[in-house]
Structure formats: structure tokens, C-alpha cells
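Presented below is the structure to which this report refers.
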There are 2 protein chains.
Amino acid sequence: METIGQILRNKRQNLGLLLRQVSAYLDIDQAILSKIERNERKPTKEMLEKLAEILKLDKDELLIQFISDKIAYEIADEDCASKVLKVAEKKIKYLKSNPIPKLT
Amino acid sequence: METIGQILRNKRQNLGLLLRQVSAYLDIDQAILSKIERNERKPTKEMLEKLAEILKLDKDELLIQFISDKIAYEIADEDCASKVLKVAEKKIKYLKSNPIPKLT
DNA sequence: ACTATATTTGACACTTATTGTCAAGTAACA
DNA sequence: TGTTACTTGACAATAAGTGTCAAATATAGT
């Protein structure tokens, strides 16, 4: 099971790209990219899209990995985690079929 | 499909309790509770536990509603939402069966 | 309409998180 | 030793979240 950081790092290295090169393409400091690859910081969606481009990764797949990572870390320590996901799924289906109320 | 705010408000009103009374029990400003019930603010876990007590709700169930609400709102606008949940579930299973890496 | 009570709203100050930048640090290796 | 790639931590700036309060708005009873 790979984290998003690992996915990014592996692909970058397989392509023989340097942090410096990729971070320049994203127009961010390479320190940030380094931290993203070690899961110390989270990329923005904009960064993800650029990363998908330059690393030849599927944009949607990367987004899925990113969000699921976030959720997994968020609730992994709850012992009701899988129940949470089931309920969340129902709520999402409901939200999708109804006008979206405002979020806090 | 009820939000956590709706659940809290319904139960409070069914018990004939006032915002003032419940918020006093929680030791918070009633404005905050009002906002929680309208999903403008998120309760802390401590608030949730107190709310479960005074409103005679199941503590675990309430926590599940709370977290699933958060997740649902977080990803409801993604069109890959259900895929995200599936991947998240796998990741959680993995995390639970392995030493937990540090979170960002 | 008047009063009292319940709830909502928004401004505010305060704290906490998140962010990008930078320079100094380590590690590997020619 | 010198070079290259990457890492780390301190820093300031910004954004996000929190509690408090008073004024505004319901809501119901008389």
C-alpha cells in the first residue's frame, strides 16, 4: 500500500527526474516537494495536476490517492472507521442527489 | 438523511430542552451550540460526549455521524467520491495492521 | 401591539494550522 | 575535497478555527 508521497517519489525517480526539475515545473520550492514526497506536507490540487502532467500519472487516480490518504489518516485511529465510511457513502449519495447545503 | 446538526436539534427539542440549558451543561456559549445545530460549526469530541449524555444519544453512533458528515462534505463535490472511499477503506485496513506512520 | 423568552447573526479578538522562503545541514560519490 | 541531490528546521506571513458578546430576529402568550 503506497502513500501518495511514495507514488510521486517512485515515479519521479523512475523517470530520472530531480526534485529541482519537478519543483521548477510546479513553480514551488524544492523543499516543499521533498516534504510532499515524504508525506510531511500535502500538495494542493494545482500541484497534483502539474505532478500528474510531468510524471505522466493519471490525474484522477492521483487525486483519488490523495484524498483517500487524507481520509485514511484522519480516521484510521477510530475503531469505528469502517462504519464511518459506510455512513459517509450514504451521505454522499444523498448529497449528490440533492441541493448541497453550505459547509462549515 | 440527517446531518449531525439536525440529529442534535431534533433530539434536543424532543426532550424539551433549550439551547441555554444544553449549552450550560456543555459549558459553552449558546451561540456556539446554535451554530453546531445548523452545521455552521463543528463540535469538539468533548462536546459530542457531553451532548450524547444530556441528549441520551449513543456516544459511538454520534461520533460516527460526526466523522462521516465531515468526510461527506469533504469529498461530496468530487466525482470520484465513491472510488475514494473504497481506496480509503483499503488504506485504513492496511494502517490498522501495521505500525502507524506519522501524520502531517 | 406588548412583553418575554428563544434563537440567530455578525463583529471582534485570540489562538492554532498551514503556507512558502530560505539557509544550513546531511549523504553519496567522483 | 568538491559537487550534486536531497533534507531539515527556523522564520514570517497568511489562513482557518475558536469563544465571547451584544444586537437582531423570531416565536409564543396576553
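Throughout, protein chains are lettered first and strands after them, A, B, ... in sequence-line order, and every chain is numbered starting at 1.
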Just distance, no hydrogens or angles: give the donor-acceptor pairs under 3.5 Å from side chains in residues 55-64 of chain B, sequence neighbours left out.
from    : atom 1 : to      : atom 2 : distance (Å)
B:Asp58 : OD2    : B:Asp60 : N      : 3.3
B:Asp58 : OD2    : B:Glu61 : N      : 2.9
B:Glu61 : OE1    : A:Lys83 : NZ     : 3.3
B:Glu61 : OE2    : B:Gln65 : NE2    : 3.1

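Remark: nothing in residues 45-53 of chain B comes within less than 4.0 Å of DNA chain C through any heavy atom. Taking every heavy atom of residues 5-32 of chain B and every atom of DNA chain D, pairs under 4.0 Å involve B:Asp29, B:Ala31, B:Ile32, by number.
Scanning all heavy atoms of the two residues, the minimum distance from A:Ala76 to B:Leu95 falls at CB-CD1, 3.6 Å. Contact between A:Ser68 and B:Ala88 at its shortest, heavy atoms only, is CB-N, 3.6 Å. Of all heavy-atom pairs spanning A:Tyr25 and A:Lys50, the tightest one is CE2-O, 3.6 Å.
Scored by the salt bridge (Lys or Arg N to Asp or Glu O under 4.0 Å) test, B:Glu78 finds A:Lys45 as partners (sequence neighbours excluded). With sequence neighbours excluded, the residues satisfying side chain to side chain contact (heavy atoms under 4.5 Å, CB included) with B:Gln21 are B:Leu17, B:Leu18. Residues satisfying the side chain to side chain contact (heavy atoms under 4.5 Å, CB included) test with A:Ala81, not counting sequence neighbours, are A:Ile75, B:Ile92, B:Lys96. Every salt bridge (Lys or Arg N to Asp or Glu O under 4.0 Å) that A:Lys91 has, sequence neighbours left out, goes to B:Asp69.
Using a distance-only test at 3.5 Å, with no hydrogens or angles considered, no donor-acceptor pair links the side chain of A:Glu49 to the main chain of A:Glu46. Remark: side-chain polar atoms of A:Glu89 are not paired, donor with acceptor, to backbone N or O of A:Lys86 under 3.5 angstrom.
Considering B:Ile54, B:Leu8, B:Ile28, B:Leu15 as possible partners of B:Val22, the one that fulfils the side-chain contact (heavy atoms from CB on, under 4.5 Å) test is B:Ile54.
With a 4.5 Å cut-off on side-chain heavy atoms, A:Arg38 and A:Ser34 count as touching. Annotation: side chain of B:Leu51 is in contact with side chain of B:Leu33 (closest heavy-atom distance under 4.5 Å).
A donor-acceptor contact under 3.5 angstrom links the side-chain atoms of A:Lys35 to the base of D:dG9.
In this structure, B:Arg38 reaches the C:dT9 phosphate: one of its side-chain N or O atoms is under 4.0 Å from OP1 or OP2. Taking side-chain N and O atoms only, A:Ser34 has no distance below 4.0 Å to OP1 or OP2 of D:dC6.
Legend: salt bridge (Lys or Arg N to Asp or Glu O under 4.0 Å) pairs involving residues 15-29 of chain A, not counting sequence neighbours: none detected. Residue pairs meeting the side-chain hydrogen bond (donor to acceptor under 3.5 Å, both in side chains) criterion with at least one member in residues 9-18 of chain B, sequence neighbours excluded, are B:Glu2-B:Asn10, B:Arg9-B:Glu37, B:Arg12-B:Glu37.
Taking atom CG of A:Leu33 as the reference point, atom P of C:dC22 lies 17 Å away to the nearest angstrom. The distance from atom CG of A:Asn39 to atom C1' of D:dT8 is 16 Å, rounded to the nearest whole Å. In this structure, NZ of A:Lys42 is placed 12 Å from P of C:dA17, rounded to the nearest angstrom. When rounded to the nearest whole Å, the span between CZ of A:Arg41 and C1' of D:dT14 equals 12 Å.
One finds the CD atom of A:Glu53 at 9.0 Å from the CG atom of A:Leu26 (value rounded to the nearest 0.5 Å).
Where the helix from C:dA1-D:dT30 to C:dA30-D:dT1 starts and where it ends, the local axes point in directions that differ by 30°; five pairs per end, rounded to 10°.
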Produce the list of close N/O pairs, under 3.5 Å, pairing protein atoms with atoms of nucleotides 25-30 of chain D; give distances to one decimal.
none

With the criterion being N/O to N/O and under 3.5 Å, what pairs connect the protein with nucleotides 27-30 of chain C, and how long is each?
none

